Amino acid sequence: MKLTLSIALLLCITFSVNAQEISDTSFGKGLINFTAKDSSFSVRFAPRFQVRSVSSWDHDGSQYTNPEHNFIVRRARLKFDGFAYNPKLKYKIELGLSNRDISGANDFNRNTPRIILDAVVMWHFAENFELWAGQTKLPGNVERVVSSANLQLIDRSLLNSRFNLDRDLGLQLRHKSNLGGGFLMREKIAISQGEGRNVSEGNEGGLQYTGRLEFLPLGNFKSKGDYVQADLKREVSPKLMVGFTYNYNQNAVRERSGLGDYMFKSDGTLYETNVTTLFADAMFKYKGFSFMGEYAQRDADQPIAINSDGITPTGDIVLTGHAVNFQAGYLFKTNYEIAGRFTSLTYKDITGSLPTKQYTLGGSKYIVGHKLKVQTDLSYTTVNGSEDNITFRLGFDIHF
């Protein structure tokens, strides 16, 4: 942690001393934008953080009780991106500082904080082709790939928290095609380690394979708006993206494919099973209105973990089932937005988890787009048809 802060401070001092080399910038465009005199590299430094208050009431069967209130720094991150040697070779580094960003120390990352979120290079080696290498988000459901800085509600949905693919270490090949008449198609393929981010102690189980197809029948969104929630650009004509993702994690060793707890047998070895995850999603925007819909499904060959004797369950179970998530919002010309979300989770009986539904209503004030905003939302959750929880959240984002 101290090393990370020291590096950031050193960069700030270095660039300040050489201010005449720094290009013009403004709030939301990066705290520092630097390009070498010989154009051999560039770097943009853009720190950001999110602070929020959370109030929650659980239902005990007759009434809501046991209120809990707390304040948290949900995210605090240092982001660096630019190009190296040639504009066709780009990079991104994102480091996490908050407790939620760096938690998850275990034997497979030498019990150290998981500071690195992204460390990836992106090589535009041919027309319409890019090769990515390093640690970054897999091409999974659209909600997960949208940056947490660009959400129209306080945080992502329950579908995402239970079924997303998240980050992993490996290679990705990306291509885009123009099918004519403004109809675009994007193909994304990834081969990765299969155990999530910051794993340093070898590769347990097998590899993870991900493929995604995206169709944009009405052409490109403004400013890559298909991966930004809320129609801040107020699309003057309808824009639509429809995506499909298939993920196969061979011999997965964690309860949620590349996430969750590791599944240990009584002899200390890891239980392995093949896990398949499917997504279908869509993003639509038009004149301040935005809609996002998602479907997720996860299955496993042998979801109940068994000990080496081939009989006794270990107690670990792969979280299998399916979920749907619908979210819509309308941005007024005053840059106030109202948004609503419905999420439904249905788990397989073997998991022991009950069907869950959540209804969320939120409001946002975009002061400088997503770079400076205040947001609030209220969520009502039921479990197996019964009242379970009410949560109220209020927070702000600041992104240099």
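Quick caveat, the model's predicted, so the values are computed rather than measured. Along the sequence shown, residues are numbered consecutively beginning with 1.
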Inset, instruction - Could you go through the side-chain hydrogen bond (donor to acceptor under 3.5 Å, both in side chains) check for S157 and Q327 one step at a time? - result: CA-CA 9 Å; S157 70; Q327 182 172 316; over 6 Å; no
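- Under 3.5 Å, the side chains of D38 and S40 contain a donor-acceptor pair of N or O atoms.
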Inset, instruction - Check the pair D60, T65 against side-chain hydrogen bond (donor to acceptor under 3.5 Å, both in side chains), reporting the backbone distance first and the verdict last. - result: CA-CA 7 Å; D60 65 2; T65 184; 5.1 Å; no
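- Residues R186 and R174 fail the side-chain proximity criterion, which asks for heavy atoms closer than 4.5 Å.
- Using a cut-off of 4.0 Å between Lys/Arg side-chain N and Asp/Glu carboxylate O, E94 and R77 are scored as salt-bridged.
- Side-chain atoms of R212 and D281, non-hydrogen and from C-beta on, do get closer than 4.5 Å to each other.
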Legend entry - Working for side-chain hydrogen bond (donor to acceptor under 3.5 Å, both in side chains), residues Q358 and N389: CA-CA 9 Å; Q358 187 175 80; N389 176 270; 5.9 Å; no
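- Both tests pass for K365 against the ring of Y336: distance under 6.0 Å to the centre and angle within 45° of the axis.
- The aromatic rings of H59 and Y64 sit perpendicular, their planes meeting at an angle over 60°, well past the 30° parallel limit.
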Inset, instruction - Dump the intermediate steps for side chain to side chain contact (heavy atoms under 4.5 Å, CB included) on K233 and V228, then the final yes or no. - result: CA-CA 10 Å; K233 298 300 179 179; V228 176; over 6 Å; no
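- A salt bridge does not link R254 with E204: none of the charged nitrogens is closer than 4.0 Å to a carboxylate oxygen.
- Contact annotation: the side chain of M241 never approaches that of L184 to less than 4.5 Å [non-hydrogen atoms, C-beta and beyond].
- Scanning all heavy atoms of the two residues, the minimum distance from R75 to Q50 falls at NH1-OE1, 2.6 Å.
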Legend entry - Chi angles and distances behind the side chain to side chain contact (heavy atoms under 4.5 Å, CB included) call for Q229, N150: CA-CA 6 Å; Q229 292 184 358; N150 296 329; 5.8 Å; no
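- When all heavy atoms of I115 and N198 are compared, the closest pair comes out as N-ND2, 3.9 Å.
- Heavy atoms of other residues, nucleotides or ligands lying less than 6.0 angstrom from CG of D349 number 12 at most.
- Residue-environment remark: CD (Q302) stays at or below the threshold of 12 foreign heavy atoms within 6.0 Å.
- Residue-environment remark: CH2 (W57) exceeds the threshold of 12 foreign heavy atoms within 6.0 Å.
- Side-chain N or O atoms of H124 include one that pairs as donor or acceptor with a backbone N or O of A126 at under 3.5 Å.
- The two residues M263 and D316 come nearest to each other via the heavy atoms CA-OD2, 3.3 Å.
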Inset, instruction - For T314 and F264, run side chain to side chain contact (heavy atoms under 4.5 Å, CB included): C-alpha distance rounded to whole Å, both residues' side-chain angles, the deciding distance at 0.1 Å, then the answer. - result: CA-CA 7 Å; T314 68; F264 284 98; over 6 Å; no
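- Inter-residue side-chain proximity for T391 and V54 is flagged as met; some heavy-atom pair is nearer than 4.5 Å.
- Between L394 and F392, some side-chain heavy-atom pair lies under the 4.5 Å cut-off.
- Hydrophobic clustering (ILVMFWY, side-chain heavy atoms < 4.5 Å, transitive): V242 and F279 are in distinct clusters.
- Using a distance-only test at 3.5 Å, with no hydrogens or angles considered, a donor-acceptor pair links the side chain of R234 to the main chain of L331.
- Looking at D155 and R52, a side-chain N of the basic residue comes within less than 4.0 Å of a carboxylate O on the acidic one, giving a salt bridge.
- The cluster map of Ile, Leu, Val, Met, Phe, Trp and Tyr, joined by side-chain heavy atoms under 4.5 Å apart, puts F80 and F34 in the same cluster.
- For CZ of R110, the number of neighbouring non-hydrogen atoms (other residues, nucleotides, ligands) closer than 6.0 Å is 12 at most.
- In the hydrophobic clustering of ILVMFWY residues, with side-chain heavy atoms under 4.5 Å counting as a link, F332 and V374 come out together.
- Atom CG of N99 sits in a sparse spot, with 12 or fewer heavy atoms from other residues, nucleotides or ligands closer than 6.0 Å.
- Proximity of R156 to S161: side-chain heavy atoms (C-beta onward) are nowhere separated by under 4.5 Å.
- Taking every heavy atom of both residues into account, P238 and Y286 meet most closely at N-CD1, 3.4 Å.
- The pair K222-E235 fails the salt-bridge criterion, with no side-chain N (NZ, NE, NH1 or NH2) lying under 4.0 Å from an Asp/Glu carboxylate O.
- Counting only heavy atoms from C-beta outward, the side chains of Y91 and V43 approach each other to under 4.5 Å.
- Counting heavy atoms from C-beta on, the side chains of S148 and R48 come closer than 4.5 Å.
- Side chain of K373 to main chain of A149: a donor-acceptor pair is present (N/O by atom type, distance under 3.5 Å, no hydrogens or angles).
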Inset, instruction - For N274 and T276, run side chain to side chain contact (heavy atoms under 4.5 Å, CB included): C-alpha distance rounded to whole Å, both residues' side-chain angles, the deciding distance at 0.1 Å, then the answer. - result: CA-CA 7 Å; N274 300 324; T276 303; 5.8 Å; no
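- At distances below 3.5 Å, at least one donor-acceptor pair connects side-chain atoms of D168 with backbone N or O atoms of G194.
- Taking a 6.0 Å sphere around CG of L259, one finds it holds more than 12 heavy atoms contributed by other residues, nucleotides or ligands.
- In summary, of the residues considered (K137, R144, R114), a salt bridge (charged side-chain N to carboxylate O under 4.0 Å, His left out) with D166 occurs for R144 alone.
- In this structure, I398 is a member of the same hydrophobic cluster as L97, with clusters built from ILVMFWY side-chain heavy atoms closer than 4.5 Å.
- The pair D81-K90 does not meet the salt-bridge criterion, since no charged nitrogen lies less than 4.0 angstrom from a carboxylate oxygen.
- A side-chain donor-acceptor contact under 3.5 Å links N106 to the backbone of G104.
- No more than 12 heavy-atom neighbours from other residues, nucleotides or ligands sit within 6.0 angstrom of CD1 on I191.
- Just one residue in the list Q172, E214, E187 forms a side chain to side chain contact (heavy atoms under 4.5 Å, CB included) with P139, and that residue is Q172.
- Linking Ile, Leu, Val, Met, Phe, Trp and Tyr residues whenever their side-chain heavy atoms come within less than 4.5 Å places Y330 and F291 in a single cluster.
- Not a single donor-acceptor pair under 3.5 Å links the side chain of E337 to the backbone N or O of A230.
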Inset, instruction - Test side-chain hydrogen bond (donor to acceptor under 3.5 Å, both in side chains) on D377 and S379 and set out the steps. - result: CA-CA 7 Å; D377 63 31; S379 293; 4.6 Å; no
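- Checked by atom type and distance alone, the side chain of S53 never pairs as donor or acceptor with a backbone atom of H69 at under 3.5 Å.
- Classified by interplanar angle (parallel below 30°, tilted 30° to 60°, perpendicular above 60°), the ring pair F163/Y347 is parallel.
- Remark: D231 does not engage K239 in a salt bridge, criterion side-chain N to carboxylate O under 4.0 Å.
- Not a single donor-acceptor pair under 3.5 Å links the side chain of T320 to the backbone N or O of R298.
- T210 places no side-chain N or O within donor-acceptor distance of the main-chain N or O of A190, the cut-off being under 3.5 Å.
- N141 pairs in a side-chain hydrogen bond (donor to acceptor under 3.5 Å, both in side chains) with only one of the listed residues (N325, T277, N160), which is N160.
- Residue F27 places its CZ atom among more than 12 non-hydrogen atoms of other residues, nucleotides or ligands, all under 6.0 Å distant.
- Between the side chain of N307 and the main chain of D309, no donor-acceptor pair closer than 3.5 Å is present.
- The two atoms that bring S308 and D267 nearest to each other are OG-OD2, 2.7 Å, heavy atoms only.
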